[in-house]
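This report concerns only the one structure given below.
Each ligand, and each atom within it, is numbered from 1 in the order the structure gives.
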Amino acid sequence: MKNIKVSLKDNSYKIISGSGVLRKLGARLKKLKIGSDAYIITNSYLKSKFGRILEKSLQDFGFTFCFKLVPDTEKSKSLSQTAKILSDITAYDQKKKIFIVAFGGGVIGDLAGFTASIYRRGTPYIQVPTTLLAQVDSSIGGKTAVDLEQGKNLAGTFYQPRLVLSDIDFLKSLPRRQLVSALAEVIKYAVIKDPGLFIYLEKNMGKIIAKDSGCLEFIVARCAAIKADIVSRDEKEELGLRTILNFGHTLGHAIEAAGSFKTYNHGEAIGLGMLCSCGISRKLGLLSPDDLKRIEVLIRRAGLPKRVKRVDFKKIINAHYHDKKFIGAKNKFVLASGIGRVMIKENIPLELIIEALRERF
Ligand code: GLY
């Protein structure tokens, strides 16, 4: 079991990860003095597969609980779903000391975190992420959001959980495509911060894809530690430190949006975005041909796409203007200058972006 701290003064919390840690949830919550009644937001699959373990762990420590099931699609990240949950919690919350449990992947984590941040101007909540992407990324950091018609994640808050509990056993039943797409974010951490993790991924990619428990435990804890460190130093993205987490995201988001969020899922698009970003780095002379090759090979070995297919080139270029990293007319890219090293550059000429994207078609 690994124990990592996100250090944020009064808002500090721990990330506990390992095989079987769900069984320890009740004991952890007792120590936290978080309340007595758990409002668990999840989906029907997770409830039927792991609900019993969760219930037992809570019951053993005297907690009461109820489950709120939501559909496991991006559509659940909406103001209307938030309103439904708020009205349901209000009915449940009679003479109780409520806390919210986000038991699921990124959609449930964001929805539950956002709801917790506004119910009674802030109700304690914890994250129990069940996908690799949520365990290495979205459950940590306190950004919560729902989507608006006009775009993804447009209504949101910063609201930190009181605990993140990542049980590796959840990952054993993860569909291969979801596992692979999350590996894009894992590779991202290695490229932005950790050459040792990069070498580990090079050596162990086969075992990771085969869901070897030891490897999964290692990468979840390592990525969580990197994110915890960055968030601890720049909680609200005011110092520009969190910006490096957007490596691959400028063009990645554009590819995801241009494919109407259907052709490529988030991780696959981020993998392609990282390749484009590395192409720009190479053209600017920031990244050596050897390092570029190693990144390309690792992305391919993870099973991520290396070419953009079935998405219109012009649509991607148009979509990239809407990226939130655009400040006025200036674009902003996180560029690798080695393995484990990135820099932030503004005003990358459009011709260079077009050239790097063209190479991925
Ligand atoms: N909740 C994800 C983040 O804060 O980055």
Side-chain angles (χ1 to χ4, degrees), residues 4-9 11-17 41 74 76-78 82 100-118 122-147 151-166 178 181-182 184-189 191-193 220-250 252-253 256 265-267 269-270 273-274 323-325 332 334 342 344:
I4 291 152
K5 186 170 176 193
V6 183
S7 300
L8 296 167
K9 299 199 176 97
N11 294 328
S12 298
Y13 56 98
K14 287 196 171 145
I15 304 164
I16 311 284
S17 63
I41 303 178
E74 186 74 24
S76 289
K77 266 182 64 167
S78 64
T82 308
I100 292 175
V101 179
F103 182 40
V107 166
I108 284 172
D110 269 4
L111 172 69
F114 180 64
T115 308
S117 74
I118 56 175
T123 296
Y125 86 110
I126 64 157
Q127 292 272 5
V128 183
T130 57
T131 63
L132 181 59
L133 188 60
Q135 292 188 354
V136 299
D137 186 17
S138 60
S139 64
I140 307 161
K143 284 185 185 173
T144 81
V146 295
D147 303 335
K152 280 183 140 203
N153 295 328
L154 284 182
T157 54
F158 278 99
Y159 191 63
Q160 300 294 343
R162 296 279 307 278
L163 171 74
V164 178
L165 190 101
S166 294
Q178 269 195 53
S181 80
E185 296 284 352
V186 174
I187 294 171
K188 175 193 85 176
Y189 286 113
V191 175
I192 64 172
K193 268 277 176 211
V220 167
R222 194 62 216 122
C223 295
I226 297 171
K227 180 131 187 205
D229 176 57
I230 294 172
V231 170
S232 297
R233 288 188 287 130
D234 186 18
E235 180 185 6
K236 304 237 164 105
E237 208 159 351
E238 288 157 342
L239 308 175
L241 302 174
R242 271 186 88 141
T243 311
I244 65 169
L245 294 168
N246 291 325
F247 173 58
H249 284 56
T250 307
H253 280 157
E256 202 184 355
N265 64 28
H266 181 72
I270 296 313
M274 291 194 291
D323 189 84
K324 61 178 182 292
K325 288 167 286 305
K332 196 190 233 183
V334 182
V342 282
I344 295 163

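- Using modelled atom types, one side-chain atom of Lys188 and one backbone atom of Leu245 make a donor-acceptor pair closer than 3.5 Å.
- Of the possible donor and acceptor atoms, none in the side chain of Asp110 sits under 3.5 Å from a partner among the backbone N and O of Thr144.
- In this structure, the separation between OG on Ser232 and CG on Asn11 is 11.5 Å, given to the nearest 0.5 Å.
- Annotation: Lys14, atom NZ; neighbour count of heavy atoms from other residues, nucleotides and ligands within 6.0 Å does not exceed 12.
- Residue-ligand proximity, Lys227 to ligand 1, at heavy-atom distances under 4.0 Å covers atoms 2 (C), 3 (C), 5 (O).
- With sequence neighbours excluded, the residues forming a salt bridge (charged side-chain N to carboxylate O under 4.0 Å, His left out) with Glu237 are Lys143, listed by chain and number.
- Heavy-atom proximity to Ile140, at under 4.0 Å, picks out these atoms of ligand 1: 1 (N), 2 (C), 3 (C), 4 (O), 5 (O).
- Geometrically, ligand 1 and Ser138 share a nitrogen or oxygen pair separated by less than 3.5 Å.
- Close approach to Gly142 involves these atoms of ligand 1, each under 4.0 Å from a residue heavy atom: 1 (N), 4 (O).
- At a 3.5 angstrom cut-off on N or O pairs, Asp110 does not count as close to ligand 1.
- For the pair Arg242 and ligand 1, the shortest N or O to N or O distance falls below 3.5 Å.
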